[in-house]
Amino acid sequence: MSGPDDGGDALIVETASRLAEIEGWTAVTPRRVAERAGVDVGDLYRRFPDPDSIIAAVALRGFADLTTRLTEARQAVADPCRAWAAVVSTYLDFAYANPEVYDAMLAHTPDLTLGAAAVPAAPRAAFAELRAALAPLTAGRDQDTLAEVGWSVLHGLVMLTRGGRLRPGTQEERETLIAQRLFARP
């Protein structure tokens with residue numbers, strides 16, 4: 001899988017990401033990305049042999065960006081027991097602000113799952129940040145399982161909210177429940 005490992009790759013990934021956020025993933029064709037990035041379509045195909053490899057590169061960059069934001073949010077909190085609340089807010093802000101990148105990360109790239117044998121570092125790092133934020137709340141529970149449940153709850157909230165499946169007007173209550181009460185120490 002190709003990734004944003006040099007300037008040309010990074011430009012292609014950024015261009016694909018912007019195009020997806022504006023027009024959706026169906027608009028992200030190699031020809032359109034090459035044209036908008038100002039690169040030869042043949043060069044794009046040498047770097048990213050198919051559309052799935054472009055989506056995977058956008059997903060990896062998305063995981064890296066999310067991890068950076070989660071790390072900053074977690075480290076900005078003086079009380080480690082409040083880190084989860086900061087991470088919840090940051091995660092949701094990222095997911096809602098970047099819906100197509102978020103979909104690339106968690107819907108369009110099944111090989112980036114934590115259960116895969118060779119999952120890349122970027123998704124593992126995002127999971128590690130969720131785990132670190134929940135660590136002070138573990139209280140004898142398995143940290144990995146708690147982090148998996150935390151991620152699942154956040155992802156479910158994002159997808160159900162984006163799909164208009166939850167009651168409008170109660171989003172703040174849901175977020176408060178997840179951030180402050182659902183994972184409180186038993």
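All values below were derived from every heavy atom in this structure, side-chain atoms included, with hydrogens, water molecules and symmetry-related copies excluded.
Judged as a side-chain hydrogen bond (donor to acceptor under 3.5 Å, both in side chains), and not counting sequence neighbours, the contacts of D144 are R131. When the salt bridge (charged side-chain N to carboxylate O under 4.0 Å, His left out) test is applied to E129, the partners found at least two apart in sequence or on another chain are R74. D79 is linked by a side-chain hydrogen bond (donor to acceptor under 3.5 Å, both in side chains) to nothing, counting only residues two or more places apart in sequence or in another chain. Every residue two or more places apart in sequence or in another chain that forms a side chain to side chain contact (heavy atoms under 4.5 Å, CB included) with T29 is listed here: R31, R32. Considering only residues two or more places apart in sequence or on other chains, F183 meets the ring-ring contact (aromatic ring centres under 6.0 Å, His included) condition with W84.
Interatomic distance, CH2 of W151 versus OH of Y91, reported as 6.0 Å (0.5 Å rounding). The structure places CD of Q180 at 11.5 Å from CG of L137, a figure rounded to the nearest 0.5 Å. Here S17 contributes atom OG and I55 contributes atom CD1; the two are 11.5 Å apart, rounded to the nearest 0.5 Å. Taking CG from D103 and OG1 from T109, the interatomic distance works out to 10.0 Å, rounded to the nearest 0.5 Å. Between atom CD of residue Q171 and atom CG of residue L92 there is a gap of 7.0 Å, rounded to the nearest 0.5 Å. Residue E173 holds its CD atom at 11.0 Å from CD of E175, rounded to the nearest 0.5 Å.
Taking the side chain as every heavy atom from C-beta outward, Y96 and T161 approach each other to under 4.5 Å. A 4.5 Å side-chain heavy-atom check between R141 and T145 finds every atom pair outside the cut-off. Counting only heavy atoms from C-beta outward, the side chains of T113 and V119 never approach each other to under 4.5 Å. Contact annotation: the side chain of T170 never approaches that of L166 to less than 4.5 Å [non-hydrogen atoms, C-beta and beyond]. The closest side-chain heavy-atom distance from P120 to L112 is below 4.5 Å. Looking at L60 and P123, their side chains come closer than 4.5 Å, going by heavy atoms from C-beta outward. Side-chain contact between D40 and R46 is present, with at least one heavy-atom pair separated by less than 4.5 Å. Under the 4.5 Å side-chain criterion, counting only non-hydrogen atoms from C-beta, L154 is in contact with L130.
The backbone N or O of E100 sits less than 3.5 Å from a side-chain atom of E21, completing a donor-acceptor pair. A donor-acceptor contact shorter than 3.5 Å is absent between the side chain of N98 and the backbone of V101. A donor-acceptor contact shorter than 3.5 Å is absent between the side chain of S89 and the backbone of A86. Using a distance-only test at 3.5 Å, with no hydrogens or angles considered, a donor-acceptor pair links the side chain of T68 to the main chain of A64.
Using a cut-off of 4.0 Å between Lys/Arg side-chain N and Asp/Glu carboxylate O, R36 and E23 are scored as salt-bridged.
The shortest non-hydrogen separation linking L11 to A37 is CD2-O, 3.2 Å. Among all heavy-atom pairs drawn from A16 and I54, the shortest one is CB-CG2, 3.4 Å. Pairing each heavy atom of P136 with each of R185, the nearest pair is O-NH1, 2.9 Å. Summarising the geometry of A135 relative to Q143, their closest heavy-atom pair is CB-NE2, 3.4 Å, with the distance given to 0.1 Å. Between L134 and G150 the shortest heavy-atom distance is CD1-CA, 4.4 Å. Residues A57 and F48 approach most closely at CB-CE2, 3.6 Å, considering heavy atoms.
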Side chain to side chain contact (heavy atoms under 4.5 Å, CB included) between L157 and V153, intermediate numbers included: CA-CA 6 Å; L157 180 63; V153 168; 5.6 Å; no
Residues H155, Y102; criterion side chain to side chain contact (heavy atoms under 4.5 Å, CB included); working and verdict: CA-CA 10 Å; H155 180 64; Y102 186 82; 2.6 Å; yes
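The local environment of CZ in R69 is crowded, with over 12 non-hydrogen atoms from other residues, nucleotides or ligands closer than 6.0 Å.
Transitive grouping of hydrophobic side chains (ILVMFWY, heavy atoms separated by less than 4.5 Å) keeps V77 and L182 in distinct clusters.
Under a 4.5 Å side-chain heavy-atom cut-off, the cluster of Ile, Leu, Val, Met, Phe, Trp and Tyr residues that includes Y45 is completed by V41.
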